[in-house]
Amino acid sequence: MNEVCFKNLDQKDPWSLKTYEASGGYSVWRKILKGELTPEQIIDELKTSGLRGRGGAGFPTGLKWSFMPRNANMQKYVVCNSDEGEPGTCKDRDILRFNPHSVIEGMAIGGFVMNATKGYNYIRGEFMEPFYRFEDALKEAYDAGLLGENIDGSSVSFDLYTHLGAGAYICGEETALLESLEGKKGQPRFKPPFPANIGLFGMPTTINNTESFASVPDILAKGGQWFADIGVANSGGCKLFSVTGHVNKPENFEVPMGLPFKDLLEMAGGIREGRTLKAVIPGGSSTPVLTAEVAMGMTMDYDGIEKAGSMLGAGSVIIMDDSTCMVEALTRLAHFYYDESCGQCTPCREGTGWLYRVLKRIMDGNGKADDIDLLMSVQDKIMGNTICALGDAAAMPVESFLRNFREEFEYYIEHGKSMVKG
Amino acid sequence: MADIEIEIDGNLVNAKAGEILIAVTDREGISVPRFCYHKKLSIAANCRMCLVDVEGAPKPQPACSTPIADGMKIHTQNEKAKASQKAVMEFLLINHPLDCPICDQGGECELQDVAMDYGSDVSRFTEGKRIVADSDIGALIQTDMTRCIHCTRCVRFGAEVAGIMEMGATGRGEDLKIEPFLEEGIQSELSGNMIDVCPVGALTSKPFRYELRSWQMNAVSNVARHDLVGSNIITQTYKGKVKRIVAKDNESINETWISDRDRFSYEGLSHENRLLAPQIKVEGTWKEVEWNVALDFATRGLANNVFNTHQTDKLGALASNTATLEEFHLLQKILRSVGSENIDHRLNVKDLDNAISLESSIKLAGLEGVDHALVIGSNLRLEQPMISHRLRKANLSGASIDVINAMAFDFNYRLNSENIISPNQTAAMLAGVLKSVLQNAQVEIPDYLVDIKVNDVATQLAEKLSQSDNSVIVLGEHIVNNPQAASIANLVSEIAQHTNSTTLNVSATANSMAANMTGFVPGKGGLDVNAMLAADLKAYILLDIYPQYDFHHSLQAVEALSNEDTFVISLNSFKDDAVAQYSDVLLPIASFYETSGSHVNVEGEVQSFAAAVNAPSDTKPAWKVLKVLADLLELPGFHYADSTQVTSEVMHQSHKQHVHGESIDVKVKRGVNVIWQKSPYAVDVLSRHATSLQATNIGQINSASMNKATAKKLEVAQDDEYLGVPVAINEAVANNCVFVNANHSTGVQS
Amino acid sequence: MISNKAKKQIDAWVAKYPEGHQSSAVMEALKIVQAENDNRLTSDTIQAVADYLAMPGIAAAEVATFYENYNHKPVGKHTIRFCHNISCMLNGSDELITHLENKLGVKTGEVTPDGLINVKKVECLGACVGAPMFQIGDQYYENLTADKIDEIVDGLK
């Protein structure tokens with residue numbers, strides 16, 4: 001446990017340059033500055049490591065970096081997505097607070113590999129403590145001569161800046177994040193073109209999640225195979241899981257991929273006294289909810305969770321015990337997507353409000369017999385028809401809650417009150 | 001781009017790699033529903049209505065943003081595609097109001113049309129519908145934002161075409177709202193196009209509000225005559241009245257846009273100020289009479305004052321620049337048939353010995369392909385909106401634009417340099433440019449340039465023109481009365497020749513090209529307008545002239561025309577006090593859209609149009625009036641059955657003018673120079689009577705702008721009147737220059 | 001409308017972006033100007049920011065109305081941003097919000113009569129392992145209980 005992003009968590013001032021360097025930090029970066037590592041070598045190591053995007057989509061990082069037109073004669077950018085906002089997710093906040101240098105080094109390495117001399121770390125606007133921590137770390141890195149132009153006399157240049165969000169979940173979507181970085185509303189762009197061709201300020205850009213960047217230095221320091229071996233097939237390495245909800249000790253845990261869910265639950269202190277597990281959302285609010293039975297047999301890796309009928313997402317494990325009213329839980333999630341829809345494209349703008357209103361009406365005791373069919377139909381009409389994944393993210397919980405806990409909804413509609421809470 | 005083959009709905013289609021799918025389906029006549037896509041705007045892909053099934057793609061793809069690739073197989077109508085399209089339609093309709101019966105877009109609504117094919121007859125949405133507060137965005141556009149489907153066409157139009165981002169999408173999610181930031185009215189001179197691009201009834205024509213259902217109207221193609229473009233329009237009419245004007249596509253002329261002036265000037269047609277009946281002045285009193293009486297009175301007047309005394313050289317003809325090609329032709333033909341060469345349309349030129357003569361050598365469409373432009377003496381955006389739009393497009397694709405003006409204007413594109421200099425220095429500046437050009441080309445410097453000093457600005461302007469492969473020099477209206485106007489035109493011509501640049505002369509607007517084409521200028525022995533007014537003529541035929549607006553020497557003009565011994569026949573479309581004062585007979589003529597005729601645009605394109613409505617009341621098309629007048633004068637060669645016979649007669653003759661003025665004056669002049677210009681929406685009599693246009697911000701422009709130093713010299717202060725117009729102290733004006741924009745009749749021009 | 005101090009702060013953000021892309025700083029500029037104008041934005045302050053960054057007013061207004069961190073109505077000196085999303089809800093945020101409303105005597109969305117505090121229900125703030133939680137200013141307060149809330153609120157001046 002806690003082998004990569006959290007490895008210095010038990011040290012004094014884990015966020016300091018001193019602590020970071022004492023545990024081998026910036027050794028990879030210094031090798032690069034000395035010309036001892038090539039972009040190709042780095043991409044190979046990353047591919048070997050099996051590192052996949054930790055923001056939720058799970059795209060192989062090495063492959064993503066190889067898509068950048070590194071030889072194109074124009075400014076290129078690397079961007080770190082620290083706009084953590086998926087309900088249930090709070091791991092990037094801790095990386096920024098406790099290990100900011102790993103993000104800086106990861107981004108610098110990315111910049112070198114992709115020949116991008118400028119980087120931005122987009123931190124959500126509410127994360128002021130992490131922001132100051134990261135800014136302090138940046139200053140330390142600059143003062144130590146680790147960043148800037150022609151660093152340490154080498155031909156390598158990398159400048160890194162932070163950008164603060166201002167409160168919009170959608171900016172976690174990478175193209176919305178780019179729009180936001182350009183000082184616009186965070187409305188996702190349609191693809192193609194992809195950011196690797198036309199990204200920030202119209203230039204080739206690669207965006208990775210905070211945890212992905214933070215994992216890179218150790219992977220390169222200890223070898224891709226080392227990292228791959230921590231995890232299981234198709235899910236290399238370890239991963240941060242935020243275990244929240246009805247557990248005794250909610251916490252972020254960095255554990256090997258493939259860990260049985262029940263072990264993770266135990267690490268979080270198990271279900272509260274006198275209660276039993278009812279449901280688990282394994283990857284953040286956008287991922288389908290699972291019943292306790294299915295969850296208990298699941299392993300925490302991309303394939304394991306997919307086999308169970310959901311997605312690993314950002315590794316945000318929301319635990320619900322038998323006191324949870326699933327109608328209420330879904331209504332809360334539906335409100336979230338309704339509130340956070342950017343409004344740009346029709347199905348999401350109109351559909352998320354429709355879903356929420358029907359659920360709210362059920363909660364108010366005014367449900368109708370055909371409301372469940374209506375909800376299923378509306379979510380199905382949003383699914384796949386939107387510009388970005390927020391539409392799907394709004395649809396999937398509805399579908400999975402209704403599929404797995406239909407009787408609670410039927411009860412609410414019929415009796416005008418919660419089956420669980422009365 | 002390589003030719004490729006794709007399959008759409010089972011049929012093989014040839015296309016270019018990388019083309020956008022919807023462009024291909026449109027070309028092939030395959031119907032794909034859409035709302036946000038507009039061929040002239042950037043792609044938004046936000047409405048999702050054009051989702052189609054692309055084999056191999058896990059999700060349906062929007063045809064508007066999907067680049068095609070070889071071998072792609074697309075289904076626009078299969079179950080998957082239809083399901084997505086119907087889903088989107090349902091979402092679009094849940095919050096759309098059911099007010100189609102009172103919606104002005106009814107019958108021409110894209111949402112209504114598409115709903116016919118993709119909508120359901122039962123709504124499953126039982127929650128409350130969204131209601132959106134409207135914004136007052138000015139006199140031209142009515143908003144009903146509850147109807148908005150958030151396609152953002154209007155927002156993109158503003159940002160991309162109009163060049164001023166005025167509408168935006170504020171808020172987010174369901175509360176996303178299309179609105180302007182401040183409720184001070186839309187500023188753009190092209191704003192009405194937002195009505196055309198709006199697919200629903202959210203933005204409609206304010207003057208047209210609740211007038212009629214669209215299907216009740218007839219549509220007649222027409223040509224707008226307010227500027228040098230001749231934008232193609234559709235006049236929509238009902239019971240003999242023009243009720244609305246919309247743009248008609250013509251890629252080489254106006255693409256798909258029209259200016260607000262072209263769209264809303266029709267309102268003037270029904271103004272109470274129209275002249276509707278023939279009148280004669282008997283012993284100082286006006287009397288309404290039948291046409292035959294009026295025409296008989298007119299011919300007798302001419303006979304008495306001119307023919308019977310054998311003084312045909314004492315007859316003059318003047319015409320407004322808005323006349324049709326045919327009207328210009330017939331009037332000059334009458335004059336020349338009776339032996340007079342006193343013919344002119346250049347009423348606003350102070351000194352015709354110093355008149356601009358410059359051929360235009362570039363097509364409108366060519367303008368957007370230039371890599372550099374030098375604009376001299378023009379507020380192009382408000383004077384020639386569609387020409388400015390073309391230059392803006394060139395600019396957006398990389399062309400640099402330099403400006404020499406006497407005042408800094410609000411260009412809606414990035415200028416390479418904006419050189420604000422006094423009109424007195426314009427000739428010297430251009431002389432410097434020419435000298436620098438010649439020096440670079442190692443050509444011998446002519447005598448008149450020897451003493452010219454070439455400053456840095458001139459060097460840079462010259463360099464740009466010399467280095468550009470495809471540059472244009474635009475000569476604008478503000479030069480018309482420059483003390484060295486003719487020299488400036490000649491300098492431009494020289495510079496263009498030596499830098500291989502094209503030229504665009506926009507110094508005279510409306511249908512002035514038609515006047516030139518018909519030879520509506522004095523011939524050998526003839527008098528120009530200023531000479532006529534000084535020469536004590538015995539009779540005039542005046543075509544739609546409003547002296548206080550049209551003449552540079554307006555006081556002298558009214559005085560000369562009011563001479564008791566002068567018999568004045570006025571053909572007018574609107575009443576005017578000064579006209580009534582000096583005329584002896586008033587012949588009411590048809591206005592815009594009420595007559596057939598032709599417009600000649602800046603590139604020389606002759607565009608003929610039919611009358612959209614009959615001439616109202618007792619008015620008659622001027623070409624017919626002139627033909628009958630000629631018949632009554634028993635002049636030969638006026639046997640025309642319709643106006644197109646007149647047109648073809650013009651097309652078979654040539655009246656090419658020759659560039660004159662070998663001498664070029666490049667000395668810096670002294671004194672304060674006045675640039676007098678009618679406000680953009682006061683350029684012609686119809687616009688002046690269009691109430692909604694007048695109520696806009698542009699319509700309200702009325703000021704004599706000058707900087708502090710000039711004001712001090714002229715001993716005037718802010719809000720004083722100068723030449724009958726309120727003084728506005730503005731440091732954007734060059735020294736020694738007053739920039740007058742008048743939207744009302746002042747009676748004075750200089 | 002924008003103080004020199006604020007201009008300096010804005011300039012520091014502008015410096016982070018390539019030349020000609022100064023509007024990237026609009027989000028921070030709006031926050032800076034909001035902070036020195038009673039924690040809210042008006043069309044005048046939005047226009048002032050737009051002018052300062054040479055961007056259309058409506059483009060700044062789009063940003064100001066899109067993101068949640070900007071206020072357009074009067075707010076208190078301290079805004080308590082209470083998360084009520086799933087993890088916090090499972091840990092009793094709704095009950096605690098009611099407790100807070102009762103304590104302050106105002107509902108969410110209202111400002112206390114002394115102008116000191118208003119409560120806003122917000123979506124996930126990304127501190128779910130510390131649920132229930134809220135934010136005041138730059139500070140997160142986690143693992144809230146009724147007693148802890150009382151203590152924090154009593155300390156607000």
In terms of heavy-atom contacts, Phe181(B) and Gln47(C) come closest through CE2-OE1, 3.1 Å
Whether over 12 other heavy atoms sit under 6.0 Å from Lys107(C) NZ:
no
Could you tell me whether Arg209(B) atom CZ has more than 12 heavy atoms of other residues or ligands within 6.0 Å of it?
yes
Side chain to side chain contact (heavy atoms under 4.5 Å, CB included), that's the test. Do Ile58(C) and Thr170(B) meet it? Break it down for me.
CA-CA 8 Å; Ile58(C) 182 69; Thr170(B) 62; 4.0 Å; yes
Drop me the distance from Glu68(C)'s CD to Arg172(B)'s CZ, to the nearest 0.5 angstrom.
7.0 Å
Output for pair (Asp175(B) CG, Thr65(C) OG1), nearest 0.5 Å, gives 10.0 Å
Check whether Glu62(C) reaches the backbone of Ala169(B) with its side chain - one donor and one acceptor, N or O, closer than 3.5 Å.
yes
Does atom CG of Asp94(C) have more than 12 heavy-atom neighbours from other groups under 6.0 Å away?
yes
Check whether more than 12 heavy atoms from other residues, nucleotides or ligands sit under 6.0 Å from atom CD of Glu151(C), and answer yes or no.
no
Can you tell me if Lys708(B) has over 12 outside heavy atoms packed within less than 6.0 Å of its NZ?
no
